[in-house]
Protein chains: 2
Amino acid sequence: MSNIASGNTIAAVAALIGDPARANMLSALMGGQALTAGELARHAGVTAQTTSGHLARMADAELVVPQKQGRHRYYRLASPEVARVIEALSVLAAEGPKRHHPVGPRDEALRRARTCYDHIAGRLGLALADSMQECGHIVLADGAGIITPAGMRFLAETGIDLGSSPSKRPLCRTCLDWSERRPHLAGRLGAALLARLLDLKWIARTPDSRALRITKAGESGLAQTFGIPHDWHSRP
Amino acid sequence: MSNIASGNTIAAVAALIGDPARANMLSALMGGQALTAGELARHAGVTAQTTSGHLARMADAELVVPQKQGRHRYYRLASPEVARVIEALSVLAAEGPKRHHPVGPRDEALRRARTCYDHIAGRLGLALADSMQECGHIVLADGAGIITPAGMRFLAETGIDLGSSPSKRPLCRTCLDWSERRPHLAGRLGAALLARLLDLKWIARTPDSRALRITKAGESGLAQTFGIPHDWHSRP
DNA sequence: GCGACATTTCGGCCAATGCCGAAACATGGG
DNA sequence: CCCATGTTTCGGCATTGGCCGAAATGTCGC
């Protein structure tokens with residue numbers, strides 16, 4: 001009875017994500033960067049051959065998109081929608097059976113600041129969201145936010161470019177942080193913020209990890225622009 | 001490398017959803033009502049024994065919760081978080097490989113109005129969201145909304161009770177409608193709206209389906225309160 | 001207590017699929 | 001041109017896990 005067709009299709013997608021090797025690859029791609037097949041193989045803990053098969057299937061289902069470059073083959077998540085599925089699954093997985101509830105990234109660096117697909121998560125993500133809200137630049141409410149006129153000016157001054165695209169992508173979403181259990185900024189604003197902070201070299205990516213490092217320049221920049229104190233990162 | 005643990009767990013959850021029979025059951029439960037094991041077996045298209053096993057596993061993983069009642073055993077989705085995962089997967093499944101993109105519920109009744117976990121989807125869902133937005137009762141922005149003071153008065157007058165709980169559940173989220181590709185109201189507001197409209201008997205559930213029927217009283221009520229014209233449902 | 005109904009447990013069958021070794025394509029550098 | 005490196009294809013093995021028939025447990029109504 002009812003709509004078996006759509007049920008079947010969501011099953012197909014979920015089954016694809018439901019393999020440990022593939023799930024690890026997708027988690028790794030949540031870092032937002034494109035990774036080579038080899039790197040993904042290492043993340044997944046399986047051989048290159050096996051990885052190749054997995055990637056082919058995921059590309060076919062349009063969960064990831066391949067990009068040839070020299071003798072490497074880069075893969076990235078196909079869309080923010082894919083990221084949302086992983087994100088929603090993470091929330092569920094973190095809550096999960098209460099067997100060992102003290103979960104979340106064990107790594108302190110990840111807790112402090114990390115990428116979440118194309119925006120910033122961890123305590124830095126929360127601090128940025130809090131700051132912008134306190135300054136009246138955005139109004140957050142339940143999973144999304146509105147950028148105020150003052151906020152628009154602030155973004156322009158700070159060089160954060162939302163890209164005046166006619167894109168259907170939400171301007172300002174929030175994303176539930178699975179380590180801190182509070183929302184941080186996602187959507188186009190979140191993406192632009194990450195891009196700008198990387199561009200200013202206030203934060204830097206860490207090789208082989210989703211962790212973000214706050215640079216010397218970043219410490220003062222974040223303090224001046226967002227009012228985030230220097231000693232912020234030492235506090236839980 | 002990296003956090004295999006969390007990857008593993010999201011894989012476990014996804015694998016659970018990734019079976020056609022289980023996915024069909026979960027889709028059926030997206031109707032928001034608790035269903036008996038037998039009903040779920042019919043939805044899934046497998047025998048009762050098989051269903052029992054599936055339900056046990058999903059209950060163990062806390063995707064669904066059982067509730068004994070007489071010689072029946074009712075199951076419902078364990079949380080809004082579970083619903084969000086299914087919702088996100090539906091979006092992906094609908095877009096999916098462009099092989100047959102004219103998808104969405106084939107059934108015209110489902111397209112018109114249906115439940116989506118605990119709120120209203122379909123064209124009626126969109127019309128309600130549009131109406132409240134045009135009247136200045138809510139301000140929607142990218143995945144969530146804010147209820148204005150005027151909106152709060154309107155809700156009070158209309159008898160829509162948001163339940164002053166200290167719940168962490170978002171007041172007003174939006175949920176992307178997979179048949180119409182536009183957002184409708186979810187969150188506590190969406191749930192309260194559905195409850196109130198059912199209570200007023202303006203809409204009624206359909207047995208064995210997620211479709212909602214608009215009653216005679218509903219037609220005039222919706223017209224007066226939300227400005228939704230009588231002939232609304234005849235238009236695409 | 002006895003039959004009807006709903007659900008679960010047990011046991012065995014079978015198909016799907018993840019995994020790797022070996023080898024074949026690509027690509028870039030010397 | 002040949003070798004090193006990255007990636008894919010092929011073949012075969014082993015395991016997982018979904019499915020059902022049969023039968024046990026519970027629960028209701030008489």
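Computed from a predicted model, the values in this text were never measured in an experiment.
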Considering only C/dA6, C/dT9, D/dT8, which nucleotide approaches the side chain of B/Q49 most closely?
C/dT9
Counting side-chain heavy atoms from C-beta on, which of D/dT7, D/dC20, C/dC20 comes nearest to A/T36?
D/dT7
In short, B/A192 meets B/L162 closest at the heavy-atom pair CB-CD2, 3.9 Å
Would you classify B/Y74 as touching base, sugar-phosphate or nothing, given that sugar-phosphate means primed atoms plus P, OP1 and OP2, and contacts are heavy atoms under 4.0 Å?
nothing
Any ion pair linking B/D60 and B/R57 (charged N to carboxylate O, less than 4.0 Å)?
no
With heavy atoms under 4.0 Å as the rule, sort A/A48 into base, sugar-phosphate or nothing.
base
Take atom CD of A/Q69 and atom C1' of C/dA26, then tell me their distance rounded to the nearest Å.
16 Å
Does the side chain of A/H119 come within less than 4.5 Å of A/C116's, by heavy atoms?
yes
Grab the NE2-C1' distance between B/H72 and D/dG26 for me, whole Å please.
13 Å
Atom CE of B/M25 to atom P of D/dG18: distance rounded to whole Å?
10 Å
Return the value, rounded to whole Å, for the distance between atom CZ of A/R22 and atom C1' of C/dG18.
8 Å
Can you tell whether the side chains of A/E87 and A/R173 come within less than 4.0 Å, N to carboxylate O?
yes
Spacing between B/R73 atom CZ and D/dT27 atom C1', to the nearest angstrom:
13 Å
Contact nearer the 5' end of DNA chain C, comparing A/H54 with B/Y75:
B/Y75
A/T50 side chain near C/dC19 phosphate (N/O to OP1/OP2, under 4.0 Å):
no
With the side chain defined as heavy atoms from C-beta on, B/R57 is closest, among C/dC19, C/dT8, D/dG18, to D/dG18
Mind calculating the distance between CD (A/Q67) and P (D/dT7) to the nearest angstrom?
14 Å
Which nucleotide sits closest to the side chain of B/K68: D/dG26, C/dT8, C/dC19?
D/dG26
Given atom CE of B/M58 and atom P of C/dT7, what is their separation to the nearest angstrom?
14 Å
Separation of B/N24 atom CG from D/dC19 atom C1', in whole Å?
15 Å
Closest approach to the side chain of A/A37, judged atom by atom: which nucleotide of D/dT8, C/dT9, C/dC20 is it?
D/dT8
A/T47 or A/R71: which one's nearest nucleotide on DNA chain C is closer to the 5' end?
A/T47
Sole residue of A/M30, A/M58, A/H43, A/E39 in side-chain contact (heavy atoms from CB on, under 4.5 Å) with A/M25:
A/M58
